[in-house]
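Quick note: numbers below take in every heavy atom, side chains included, and nothing from hydrogens, waters or symmetry partners. Keep in mind it's a predicted model, so treat the numbers as computed, not measured.
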Amino acid sequence: DASGTSTTLLSAYVEPLISVLLLKLMHSLSASYHNISLDHIKSLTDGLGVPFAQVEKAIISAASNRSGGALSVRIDHRANCLRFGDLCGGAQLESDTMRSQLTVLSKQLSKVCNVISPPDVTSITARRQAVYAEVRANVDREHEDMLARKELIEKRKEETERQLQEKAKAEEQKKAEAEAMARAEEEKRLVREQQLREKEKQEKIKKELEISEKKNYLKAMGRNVDAMTEDELCAVDVDALAKEHAAKAAKKKDDAERKIREVQKKLDYIVRAVRIEEVPLVKKQYEDKVKAEKERYEADVIEKARRAKLQWEEDCKAKADLSKFNVFPAMKEFEMAAMVGRKIAHEAACNEEDIQAEQIAEKAKMQRARKRKDDEIRAKREEEERLKKEEEARKAEEEKQRREEERRRKEQEQEELRKKKEAERSAMMRERERERAPEAPSSRDLDNATGPSKYVPPSRRGQSNSGGAGGSRWGDNSRNAWGNNSRGTSYGGGRYEGGDRSRYNDRGGGDRGGGDRG
């Protein structure tokens with residue numbers, strides 16, 4: 001009896017232990033396998049003495065459990081196997097158990113190797129001390145080299161950054177100048193094109209309106225506009241068309257009014273004749289209708305009186321019958337008893353309605369107070385939001401105005417800089433022109449330049465001396481015609497010959513001053 005009782009008490013732990021064993025088995029298999037056949041699972045669970053359906057239920061329960069020990073497994077009956085891993089069929093190679101297996105194996109193998117072949121501790125210690133000594137000897141030098149290299153890298157970096165900044169600044173300045181000039185030219189071009197387009201648009205609209213007006217006049221006059229070309233439409237006089245159209249419209253209106261008057265007169269005659277002819281018929285029809293209505297009314301009155309008399313007789317008979325059985329006094333007593341109960345119920349209902357009305361009024365009062373408070377809060381919030389939006393809009397407008405003023409200021413500075421550069425360029429060009437221009441002769445020098453002039457061909461202008469007839473324009477013996485020395489006995493010669501020949505060598509020879517002057 002005692003053994004039977006203990007067996008009965010312990011039998012309650014069989015199924016939970018089987019479930020735990022199956023769960024441990026599944027975890028162990030999932031750590032080692034990706035796929036495993038159901039036959040192998042059956043062979044592993046034969047010793048538990050449970051059917052395979054219960055094993056499947058335990059596997060499904062373990063897979064559907066979402067706690068910390070959840071198992072990712074699927075039963076594939078088509079392939080007759082179990083698949084461990086995620087829903088895509090891959091194995092959980094990155095799980096904690098799979099990640100630590102190789103580490104544990106490596107540590108255990110290392111322990112086995114150390115037991116089989118113990119390492120030489122003395123040689124390992126000597127090599128380690130030699131490495132440490134070499135590191136201590138070179139650490140200061142390597143530290144200094146690292147600092148020097150770091151300083152050199154910083155200097156190079158700063159120099160490179162400075163060059164890049166200067167280059168970027170120069171490029172940005174050039175780009176800004178080019179963009180400003182391009183923008184100014186583009187704005188001028190756009191303004192010109194806009195003005196030209198507006199002018200062309202106005203002319204086109206005016207022309208289209210004129211052609212449309214002419215077409216309307218021509219269509220109103222009954223002419224075929226589709227057969228006319230644009231040149232023919234342009235050649236048409238609008239005033240003449242308007243006058244002709246007005247005349248035709250007036251004539252058409254007069255004809256229509258005349259026809260309407262004739263139709264009205266004819267219709268008036270017809271209506272009068274019809275009404276005169278139908279007067280006797282209408283009178284006769286009215287008399288027949290009055291007669292029929294009178295007969296019907298008299299018959300209805302007689303029938304109503306007869307039915308009322310019959311009803312009165314039946315009511316009198318019923319009253320006499322009810323009076324024999326004292327029905328009316330009993331009805332009065334019943335009515336009084338019923339009215340007492342109804343009055344009590346009515347008073348109770350009135351009191352309840354009064355209480356409900358007071359509650360409803362109090363609730364409505366609270367709702368109105370709450371609504372009034374909510375409205376005040378909402379109005380205050382809306383006012384704050386409105387003020388905030390106005391403040392943001394004001395700040396945005398101020399920022400926009402500031403940017404616009406900054407843009408105008410920059411454009412004005414660029415325009416002033418451009419004008420200044422143009423003025424400097426113009427001044428430089430005028431200075432160059434002034435340096436290139438020859439010195440003009442005075443009136444006295446022109447008066448003193450007397451004597452006959454004679455034309456000397458360019459081929460002989462270097463051969464004659466100061467006493468010959470006609471000298472070279474740029475000859476070596478010629479002096480400044482307006483300088484300290486006079487021209488002497490030479491005839492002819494250049495107008496601007498003199499000692500300052502290097503100033504005009506680039507202009508070549510010519511007969512500008514030769515030839516007869518008087």
- Message: Rounded to the nearest 0.5 Å, what separates atom NZ in Lys343 from atom CD in Glu347?
- Response: 8.5 Å
- Please examine the side chains of Arg407 and Arg403, heavy atoms only from C-beta on, and report whether any two atoms are closer than 4.5 Å. no
- Using the salt bridge (charged side-chain N to carboxylate O under 4.0 Å, His left out) rule, pick out the option among Glu177, Glu415, Glu416 that qualifies with Lys421. Glu177
- Message: Before you tell me yes or no, could you show the steps for Lys363 and Gln359 under side-chain contact (heavy atoms from CB on, under 4.5 Å), namely the whole-Å CA-CA distance, both residues' side-chain angles and the distance that decides it to 0.1 Å?
- Response: CA-CA 6 Å; Lys363 187 176 181 181; Gln359 292 178 355; over 6 Å; no
- Item | For the student: nearest non-hydrogen atoms of Cys81 and Leu38, plus distance | N-CG, 3.7 Å
- Message: Main chain of Cys113, side chain of Ser117: is a donor-acceptor contact present, judged purely on distance under 3.5 Å?
- Response: no
- Message: For a 4.5 angstrom cut-off between non-hydrogen side-chain atoms, does Thr103 reach Lys107?
- Response: yes
- Task: Starting from the C-alpha separation in whole Å, work towards a yes-or-no answer on side-chain contact (heavy atoms from CB on, under 4.5 Å) for Asp39 and Asn80.
- Result: CA-CA 8 Å; Asp39 296 335; Asn80 195 24; 3.7 Å; yes
- Note on the structure: Which of Arg192, Glu193, Glu200 passes side chain to side chain contact (heavy atoms under 4.5 Å, CB included) with Leu196? Answer is Glu200
- Task: Answer yes or no: is there an ion pair linking Asp300 with Arg296, defined by an N-O contact shorter than 4.0 Å?
- Result: yes
- Task: Find the distance between CD (Glu362) and CE (Met366) and round it off to the nearest 0.5 Å.
- Result: 6.5 Å
- Task: Salt-bridge test for Glu203 and Lys207: reply yes if a basic N is under 4.0 Å from a carboxylate O, no otherwise.
- Result: no
- Query: CD1 of Ile153 to CE of Met146: how many Å apart, nearest 0.5 Å?
  - Reply: 10.0 Å
- Message: Between Glu422 and Arg418 (salt bridge meaning N to carboxylate O under 4.0 Å), is one present in this structure?
- Response: yes
- Task: Evaluate the criterion salt bridge (charged side-chain N to carboxylate O under 4.0 Å, His left out) for residue pair Arg306 and Glu303; output intermediate values, then yes/no.
- Result: CA-CA 5 Å; Arg306 186 182 65 80; Glu303 181 65 24; 2.3 Å; yes
- If only atom types and distance count, is the side chain of Ser110 paired as donor or acceptor with the main-chain N or O of Ser106 below 3.5 Å? no
- Query: Side chains of Ser123 and Arg127: does their closest heavy-atom pair fall under 4.5 Å?
  - Reply: yes
- Residue pair Leu22, Ile59: steps toward the side-chain contact (heavy atoms from CB on, under 4.5 Å) verdict: CA-CA 8 Å; Leu22 291 174; Ile59 294 171; over 6 Å; no
- Query: Less than 4.5 Å apart, any side-chain heavy atom of Glu335 and any of Met331?
  - Reply: no
- Item | Whether Ser43 side chain and His40 backbone form a donor-acceptor pair below 3.5 Å | yes
- Task: Determine the sole option in Lys169, Lys175, Lys167 for which the side chain to side chain contact (heavy atoms under 4.5 Å, CB included) test with Glu171 is passed.
- Result: Lys167
- Query: Yes or no on side-chain contact (heavy atoms from CB on, under 4.5 Å) for Leu387 and Glu391, after CA distance, side-chain angles and deciding distance?
  - Reply: CA-CA 6 Å; Leu387 293 175; Glu391 182 67 19; over 6 Å; no
- Query: Which pair of non-hydrogen atoms, one from Thr125 and one from Val121, has the smallest distance, and what is that distance?
  - Reply: OG1-O, 2.8 Å
- Message: Under 3.5 Å, is there a donor on one side chain and an acceptor on the other for Asp315 and Gln311?
- Response: yes
- Taking all non-hydrogen atoms of both residues into account, name the closest pair between Tyr33 and Phe84 and its distance. O-CD1, 3.7 Å
- Message: Glu399 vs Arg402, test: salt bridge (charged side-chain N to carboxylate O under 4.0 Å, His left out). Steps then yes/no.
- Response: CA-CA 5 Å; Glu399 182 67 18; Arg402 187 185 63 77; 2.3 Å; yes
- Message: Tell me whether Ser61 contacts the main-chain N or O of Lys57 through its side chain, where contact means a donor paired with an acceptor under 3.5 Å.
- Response: no
- Any luck finding a side-chain donor-acceptor pair between Gln367 and Arg370 under 3.5 Å? no
- One should read off an interatomic distance between Glu352 CD and Asp354 CG, to the nearest 0.5 angstrom, of 10.0 Å
- Task: Show your working on salt bridge (charged side-chain N to carboxylate O under 4.0 Å, His left out) between Asp374 and Lys371 and close with a plain yes or no.
- Result: CA-CA 5 Å; Asp374 294 340; Lys371 184 181 179 185; over 6 Å; no
- To the nearest 0.5 Å, what is the distance between CG (Leu44) and CG (Leu21)? 12.5 Å
- Message: If the threshold is 4.0 Å, N to carboxylate O, is there a salt bridge linking Lys389 and Glu385?
- Response: no
- Flag yes if more than 12 heavy atoms outside Glu134 fall under 6.0 Å of its CD atom; otherwise flag no. no
- Start with the C-alpha distance between Glu185 and Arg189, add both sets of side-chain angles, then the distance that settles salt bridge (charged side-chain N to carboxylate O under 4.0 Å, His left out), and finish with yes or no. CA-CA 6 Å; Glu185 293 294 332; Arg189 184 183 66 80; over 6 Å; no
- For the residue pair Leu82 and Arg74, establish whether any side-chain heavy-atom pair is separated by less than 4.5 Å. no
- Query: When Arg394 is tested against each of Glu397, Glu390, Glu398 for salt bridge (charged side-chain N to carboxylate O under 4.0 Å, His left out), which residue passes?
  - Reply: Glu398
- Item | Gln163 side chain to Glu159 side chain, donor-acceptor N/O pair below 3.5 angstrom | yes
- Task: Give a yes-or-no answer on whether the side chains of Glu198 and Gln194 include a donor-acceptor pair shorter than 3.5 Å.
- Result: yes
